[in-house]
Protein chains: 2
Amino acid sequence: MTTRWLTPEEQRAWRAYIGAVLLVEDALDRQLQQEAGMPHMYYSILSTLSESPERRLRMTDLAERLKITRSRLTYAVTRLEKDGLVRREDCRWDKRGSVAALTDEGMRVLERAAPGHVETVRSLLFDRLSPEQVGQLEEIFTAVGEGFQGDSAHATADEVPWRRRSSKSCS
Amino acid sequence: MTTRWLTPEEQRAWRAYIGAVLLVEDALDRQLQQEAGMPHMYYSILSTLSESPERRLRMTDLAERLKITRSRLTYAVTRLEKDGLVRREDCRWDKRGSVAALTDEGMRVLERAAPGHVETVRSLLFDRLSPEQVGQLEEIFTAVGEGFQGDSAHATADEVPWRRRSSKSCS
DNA sequence: GGGGCTTGGTTCAAGTTTGAAACAAAACTA
DNA sequence: TAGTTTTGTTTCAAACTTGAACCAAGCCCC
């Protein structure tokens, strides 16, 4: 079949999207690098851990939530561990497993960084959008995200929920 | 002033956005790496050059359009030049200047990769959105992008249009 | 026309990401 | 239960990004 090129409307939307996303991510990274000495993804790791039961999560679960590869996560956690913000623990139930746990120091750093981060997110994004647009944003990206169920690089077809090991913390 | 935390709606939108954007970029990178042997940004460089007069652009102009640092662009162009897809030329009007020019080979590679890329963009994004949502997407990210006029890391306050050198190709 | 500031671009080191390969522990299976 | 496959994680090298430092050429202004 012959290529379905983008319509003018789609092209405008795509360009606006591509450009703005880049700027937002750069701004976020810069702000967090300044105020917390880490890129946005590392902040997200801390943040995700902080919201998990007992502030810990298995590596694979953490990677899945953040939508990054295990390899990338391993590197990041190693760095955060060096900084004393995260601690690696063995998983009691599965000797292969490794659990990342947020330390008290990590929690403090996170709490200190959070206000500035939220303020940045606001000023970059939400301050520029109407309430309706916020709703539209959610709907659009929820739809886009759903396109990755079962065909992502991180989840194979037979990886159905009831066959996965407990994704609760195995503390 | 006390932190204005995100409302539940904003939080949902933010999470959907963060997750989906990551997945989209990864998918784009993977697809292009497979079919064209380069990441998305490198494809964008070729694409931008192909649409410019005489298929060439000064480094700074190119960096500005792509919203990346000059440093990053220098690295990328060096690689693309090694692959024979881009050629660096001296700018006649400004001896400091360097011009990136798309080679015929670069044009061929771009044309070969374009259909698959567009198909991917479609399947990731536009196939999942209604026409209204495409319009909303454009409006949202146009608004977000406009937040970066004059305060980005790449443009300083006094960098007003009429003081900038011609941004046309100086071929 | 000789400072001194700005601009265009590259370089360098340090940090991060990628994908494939390596391993070890678990889970199947015959 | 031995053999095979799968799963959880790390390791490694190569690629990419970042930001600061650098250099050269234009610009300004006395």
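Quick caveat: nothing in here was measured; it's all calculated off a predicted structure. Here is the naming used below: chain letters follow the sequence lines, and residue numbers restart at 1 for every chain.
A/Arg128 has its side chain out of reach of B/Ile140: every pair of non-hydrogen atoms, C-beta onward, lies at least 4.5 Å apart.
Remark on DNA chain D: of its neighbouring residues B/Gln33 and A/Met59, the 5'-side contact belongs to A/Met59, judged by nearest-heavy-atom nucleotide. Mapping A/Arg79 and B/Leu73 onto DNA chain C via the closest heavy atom, the residue that lands nearer the 5' end is B/Leu73. Each of A/Arg96 and A/Ala76 lies near DNA chain C, and the nucleotide nearest A/Ala76 is the one positioned closer to the 5' end.
The distance from atom CG of B/Leu80 to atom P of C/dT10 is 13 Å, rounded to the nearest whole Å. Here the C1' atom of nucleotide C/dT18 and the CD atom of B/Gln31 are 17 Å apart, to the nearest Å. To the nearest angstrom, P of C/dT18 lies 13 Å from CG of A/Leu66. The distance between atom CG of B/Leu62 and atom C1' of C/dT7, rounded to the nearest whole Å, is 17 Å. Atom CH2 of B/Trp93 and atom C1' of C/dT7 are 18 Å apart (whole Å). For the pair A/Leu22 CG and D/dT17 C1', the interatomic distance rounds to 12 Å; values are reported in whole Å. For the pair A/Leu57 CG and D/dT9 C1', the computed distance is 15 Å after rounding to whole Å. Atom CD1 in A/Ile45 sits roughly 12 Å away from atom C1' in C/dT17 (whole-Å rounding).
Side-chain atoms of A/Tyr75 lie closest to C/dT16 of the nucleotides C/dA20, D/dA25, C/dT16. The side chain of A/Tyr42 lies closest to C/dT17 when the candidates are D/dG8, C/dG19, C/dT17. Taking every side-chain heavy atom of B/Arg30 into account, C/dG19 is the closest of C/dT16, D/dG19, C/dG19. Ranking D/dC16, D/dT11, C/dA25 by closeness to the A/Lys95 side chain, first place goes to C/dA25. Of the candidates C/dT18, D/dT18, D/dT17, the closest approach to any side-chain atom of A/Asp26 belongs to D/dT18. The side chain of B/Thr74 approaches C/dG9 more closely than any other nucleotide in the set C/dG9, C/dT16, C/dT18.
With respect to A/Arg58 and A/Asp94, a salt bridge is recorded, a charged nitrogen being found less than 4.0 Å from a carboxylate O. Taking 4.0 Å as the cut-off between side-chain N and carboxylate O, B/Glu10 and B/Arg12 do not count as a salt-bridged pair.
Taking the six-membered ring for Trp and thresholds of 30 and 60 degrees, B/His117 and B/His40 have ring planes inclined between 30 and 60 degrees apart.
Put simply, the side chain of A/Glu138 never gets that close to the backbone of B/Trp14: no donor and acceptor are under 3.5 Å apart. Checked by atom type and distance alone, the side chain of B/Arg79 never pairs as donor or acceptor with a backbone atom of B/Thr74 at under 3.5 Å.
Counting atom types as modelled, A/Thr60 pairs no side-chain N or O with a base atom of D/dG8 as donor and acceptor under 3.5 Å. Contact annotation: side chain of B/Arg72 to base of D/dT18, donor-acceptor pair absent below 3.5 Å. Applying the 3.5 Å distance criterion, the base of D/dT9 shares no donor-acceptor pair with the side chain of A/Arg70.
Crowding of A/Glu51 atom CD: a count of heavy atoms from other residues, nucleotides or ligands under 6.0 Å exceeding 12.
B/Glu35 and B/Gln31 share a donor-acceptor pair across their side chains, judged by distance under 3.5 Å alone.
Among the protein residues, A/Ser98 comes within range of the sugar-phosphate backbone only, with heavy atoms under 4.0 Å from sugar or phosphate atoms but none that close to a base.
In terms of phosphate contacts, B/Arg58 brings no side-chain nitrogen or oxygen within less than 4.0 Å of OP1 or OP2 of C/dG8.
At its two ends the helix from C/dG1-D/dC30 to C/dA30-D/dT1 runs along axes set 20° apart, each axis drawn from five pairs and the angle rounded to 10°.
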